[in-house]
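The structure under discussion appears below in the form of structure tokens.
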Amino acid sequence: MARTAPRYSFHDLRPDPGNFLDDVIAGFSRLQKELPPKYFYDERGSALFEAICELPEYYPTRTETAIMRLRSKEIAVRLGPGCALIEFGSGNSRKTRILIGELAPVAYIPIDIAAAQVKASSAELARTFPDLAVIAVCADYSQPFALPELNGVHARRRVVYFPGSTIGNFTIPEATAFLKNAGAIAGARGGLLIGADLKKDAARLNAAYNDSQGVTAQFNLNLLARINRELGADFDLGAFRHRAFYNPGAGRIEMHLVSERDQQVGIRGHVFRFRSGETIHTENSYKYSVAEFQELARGAGLSPEGYWTDPDQLFAVHYLTAEARDGRPAPGRP
Ligand code: AVJ
């Protein structure tokens, strides 16, 4: 009797969970104090991010979703039949559902460092697509790792899906390393489908990170609240202010927390001083023109094969492959 793949499985590759205290101490010990943006997403931070995605000023989420709604047929044709779809990250799966509905992949392989999240979101998705093989993996996709054996899955190509412009959090060298790693996981003849926010006028960018309801400010300040909660620190949340601005030279939004006065904060026996006006750099969100993103991809040894945008050119979904280009112009133009 032929073995068939179970429809749902979970594989824990036991990623290094990192150490919040060590990262906070290292970040606060630098001349320009900083915190890694991955720590935004505790329960409260994840809820605040969901709220950000609904804000009138925050265009990326709804724009990328609209691109997927309008263009998923074309995208599915470009990726081709028989794909194993590997998703990095396991946030809200709206865009993924649109893609899966159109692509009908032979397997869906969500990968996330948060075991509980990837389990919950993929189990829910498996209920919507009862015939789809779902292979959930707990791993750190920013590091090299080996996919589990895809027993019983016969895919013609592996495609890594990385929506949400999360790639914008990486510096150029980090993004290059990330794309190389993702390309290695997609393998020969594999593809990468990546959402990236486009460059646009600074006023629109600044508004998206300085919303009138102050949700982004709460999201930013939650980092300090989290340090208080989890590390027993004594940050006065009223003495720090949210600041976000587009840095045109670097091509990125920067988020900072500004100390409103000279103050010191204790964290597990360590004392950190903050001068009035001094900042903690909490996030970069790089913006790429189509040409810049394609250049980034080439720098990682990948071939830009096409892209899809919205009518206002706010956001782009790029398709990259590991194959050599055949000289055709990049299709999928608006
Ligand atoms: C989840 C990294 C894509 O950069 O726009 C939203 C995070 N920060 N508002 C972004 C974020 C402030 C978001 N990414």
Side-chain angles (χ1 to χ4, degrees), residues 34-68 87-96 112-114 117 121 141-142 161-172 174-175 178-179 182 193-226 240-248 250-258 279-288 292-293 296 310 314-318:
E34 62 184 35
L35 288 170
K38 68 176 178 184
Y39 292 115
F40 280 130
Y41 303 95
D42 66 350
E43 220 179 292
R44 168 121 179 96
S46 298
L48 285 166
F49 182 66
E50 293 290 311
I52 286 173
C53 293
E54 304 290 323
L55 292 168
E57 298 97 333
Y58 193 74
Y59 61 83
T61 311
R62 77 175 63 86
T63 307
E64 186 178 20
T65 304
I67 293 169
M68 295 311 285
E87 179 167 10
F88 283 4
S90 64
N92 153 338
S93 63
R94 223 152 120 205
K95 291 162 274 194
T96 310
D112 199 277
I113 195 156
Q117 256 167 268
S121 61
Y141 60 71
S142 72
Y161 184 39
F162 193 48
S165 198
T166 309
I167 197 163
N169 275 166
F170 301 141
T171 63
I172 309 296
E174 286 167 351
F178 167 84
L179 289 174
L193 187 68
I194 301 185
D197 198 14
L198 285 165
K199 280 212 163 82
K200 60 187 63 64
D201 71 272
R204 181 126 200 195
L205 287 167
N206 284 319
Y209 295 83
N210 290 282
D211 65 277
S212 59
Q213 295 168 60
V215 183
T216 309
Q218 285 184 61
F219 175 73
N220 201 3
L221 283 159
N222 178 56
L223 271 175
L224 302 185
R226 182 176 182 184
F240 286 84
R241 191 167 34 82
H242 166 72
R243 179 186 291 162
F245 58 90
Y246 184 62
N247 175 339
R252 69 192 189 199
I253 286 278
E254 291 185 18
M255 292 215 313
H256 295 255
L257 290 163
V258 188
T279 77
I280 307 166
H281 186 182
T282 54
E283 186 170 45
N284 290 318
S285 187
Y286 282 82
K287 310 301 173 186
Y288 294 99
E292 287 168 343
F293 193 86
L296 177 74
D310 55 293
L314 297 178
F315 198 95
V317 176
H318 294 268

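Predicted, not measured: the structure shown is a model, and the values here were computed from it. For the numbers below, each heavy atom of this structure counts, side chains included, while hydrogens, waters and symmetry mates do not. Order of appearance sets the numbers: ligands from 1, and atoms from 1 within every ligand.
Here is the list of ligand 1 atoms found below 4.0 Å of a heavy atom in S285: 4 (O), 5 (O), 10 (C). For ligand 1, the atoms closer than 4.0 angstrom to any heavy atom of N169 are 2 (C). Remark: ligand 1 atoms within the under-4.0 Å shell around heavy atoms of S165 are 3 (C). Contact atoms of ligand 1 toward Y41: 1 (C), 7 (C) (distance under 4.0 Å to a heavy atom of the residue). When each atom of ligand 1 is checked for a heavy atom of G164 under 4.0 Å away, the hits are 3 (C).
Between F40 and ligand 1 there is no heavy-atom distance shorter than 4.0 Å.
If you look at Y209 next to ligand 1, the close heavy atoms, those under 4.0 Å, all belong to the side chain.
Ring geometry for H318 versus F293: interplanar angle under 30°, hence parallel rather than tilted (30 to 60°). Aromatic ring orientation, Y58 versus F49: perpendicular (interplanar angle above 60°, classes split at 30° and 60°). Aromatic ring orientation, Y141 versus F88: parallel (interplanar angle below 30°, classes split at 30° and 60°).
Between H242 and Y209, the shortest heavy-atom distance links the atoms NE2-O, 2.9 Å. For the pair G195 and I167, the tightest heavy-atom approach, listed with the atom from each and the gap, is O-CG2, 4.0 Å.
Ranking the protein heavy atoms by distance from atom 13 (C) of ligand 1 puts Y58 OH, 3.3 Å first. Protein heavy atom at the shortest distance from atom 7 (C) of ligand 1 is E283 OE2, 3.4 Å.
Considering M68, E64, R94 in turn, E64 is the only one that fulfils the side chain to side chain contact (heavy atoms under 4.5 Å, CB included) rule with P163.
Looking only at atom types and distance, the side chain of N222 has a donor-acceptor partner in the side chain of D42 under 3.5 Å away.
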